[in-house]
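Here's the structure we're looking at; comments come further down.
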There are 2 protein chains.
Amino acid sequence: MTDECNRSTESALEILVGKWKPVILFQLFNNGTMRFSELQRAMPQITKKMLTAQLRELEYHDIVHRKIYMEVPPKVEYSITEYGLQMAPVMMALADWGDSHIKHLDEIYGEERTGKLN
Amino acid sequence: MTDECNRSTESALEILVGKWKPVILFQLFNNGTMRFSELQRAMPQITKKMLTAQLRELEYHDIVHRKIYMEVPPKVEYSITEYGLQMAPVMMALADWGDSHIKHLDEIYGEERTGKLN
DNA sequence: CCGAATCCTAATCGATACTG
DNA sequence: CAGTATCGATTAGGATTCGG
């Protein structure tokens, strides 16, 4: 049971984990459909390699849909799948709790803390 | 706003992420107070180094409490803090969605899939 | 414009041995 | 019993270059 819970949780975390996954998801959740280049502009720090890799994983998990237009120059659009929309509550829960957690850490360690563990 | 959500989410993920964090949390949530050796027995694969490291991080985040008994041989007990209990809903949400997600992947790729992306 | 391929660094994870 | 220290293996992340 505990073991089962853990498999489930890790399966869920697989999707959220990665330096860019949450950002990408927030972008797509907020803006609906976005082109590859739009995503890149929205996240100036990300490299094409990373963006592609993370999108592929999200696509594999059926969270993100990839629509290819057969034209020149190439055009590819990404959007959250219907199934992906179901994880909105999880994202909200994480963002909510994370928000209160940031405040909690500030109370404990003060505003001047580095945020890093030694 | 999106940016703020993202900081919050990543702050939350910081806590859950790590190969052993979820397991440790499930153990402590289910069993209440546990000694170091009990945790080890519950997770035969984990090394002492990893167990210590993950517990320290959880302690830093005020999710886990560490109680040291000054006796010989040493005795240290770990438990979820009051604040830590507040993240129970998040854990539940993750486990729930992860569970349904596993089933969803099975539907898409079939039971025989490896679970790995290429 | 949207990637794939290559190479490299940094962080994470793990096996083993040692200590108060 | 409950750790720390050290080292090697593995993986995630990034810079750059090339191609359809």
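Given the structure is predicted, the values throughout are model-derived calculations rather than measurements. Chain identifiers are assigned alphabetically (A, B, ...) following the order of the sequence lines, protein sequences preceding nucleic acid strands; residue numbering begins at 1 within each chain.
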(request) Let me know the distance between CD1 of B:I68 and C1' of D:dA2, rounded to the nearest Å. (result) 10 Å
(request) Using a 4.0 Å heavy-atom cut-off across all strands, classify B:P74 as base, sugar-phosphate, or nothing. (result) base
(request) Report the distance from atom CD of A:Q54 to atom P of C:dA4, rounded to the nearest whole Å. (result) 14 Å
(message) Check this one for me: any side-chain N or O of B:R41 less than 4.0 Å away from OP1 or OP2 of D:dC1?
(response) no
(message) Test your reading of the model: is there a side-chain donor-acceptor pair from A:N30 to the backbone of A:F26, 3.5 Å cut-off?
(response) yes
(request) Could you work out which one of C:dG14, D:dA15, D:dC1 sits closest to the side chain of B:T47? (result) C:dG14
(message) Salt bridge or not between B:K21 and B:E57? Use side-chain N to carboxylate O under 4.0 Å.
(response) yes
(request) Would you mind reading off the distance between B:Q45 atom CD and C:dG14 atom P, rounded to a whole angstrom? (result) 9 Å
(message) I want to verify a distance call: between D:dC1, D:dG3, C:dC1, whose nearest atom is closest to the B:R35 side chain?
(response) D:dC1
(request) Check the distance between D:dG3's P and B:E71's CD and give it to me in whole angstrom. (result) 13 Å
(request) Answer yes or no: is there a donor N or O on one side and an acceptor on the other, between the side chain of B:S11 and the main chain of B:R7, under 3.5 Å? (result) no
(message) Using a 4.0 Å heavy-atom cut-off, does B:K48 contact any base of the nucleic acid, only the sugar-phosphate backbone, or nothing at all?
(response) base
(message) Quick check on C:dG3: is either OP1 or OP2 less than 4.0 Å from any side-chain nitrogen or oxygen of A:R66?
(response) yes
(message) Please report the distance, rounded to the nearest Å, between CD in A:E38 and P in C:dC2.
(response) 9 Å
(message) In whole Å, I'd like the distance from the CG atom of B:L51 to the C1' atom of D:dA2.
(response) 10 Å
(request) Could you tell me whether A:E38 and A:R41 have a side-chain N and a carboxylate O separated by less than 4.0 Å? (result) no
(request) Looking at every strand, decide which applies to A:Y78 at a 4.0 Å heavy-atom threshold: base, sugar-phosphate, or nothing. (result) sugar-phosphate
(message) OP1 or OP2 of D:dA2 versus the side-chain N and O atoms of B:S37: is any pair under 4.0 Å?
(response) yes
(request) Could you check which of D:dG13, C:dA15, C:dA4 has an atom nearest any side-chain atom of B:K49? (result) C:dA15
(request) Compare the minimum distances between each of C:dG3, C:dC1, D:dG3 and the side chain of A:F36, then state the nucleotide with the smallest one. (result) C:dG3
(request) Find the distance B:E59:CD to D:dG3:P and express it as a whole number of Å. (result) 9 Å
(request) Round to the nearest Å and state the distance from A:L13 atom CG to C:dT12 atom C1'. (result) 16 Å
(message) Under a plain distance cut-off of 3.5 Å, with no hydrogens placed, do B:Y83 and B:H61 share a side-chain donor-acceptor pair?
(response) no
(message) Here's a test of your reading of the structure: between A:M50 and B:K75, which maps to the more 5' nucleotide of DNA chain D?
(response) B:K75
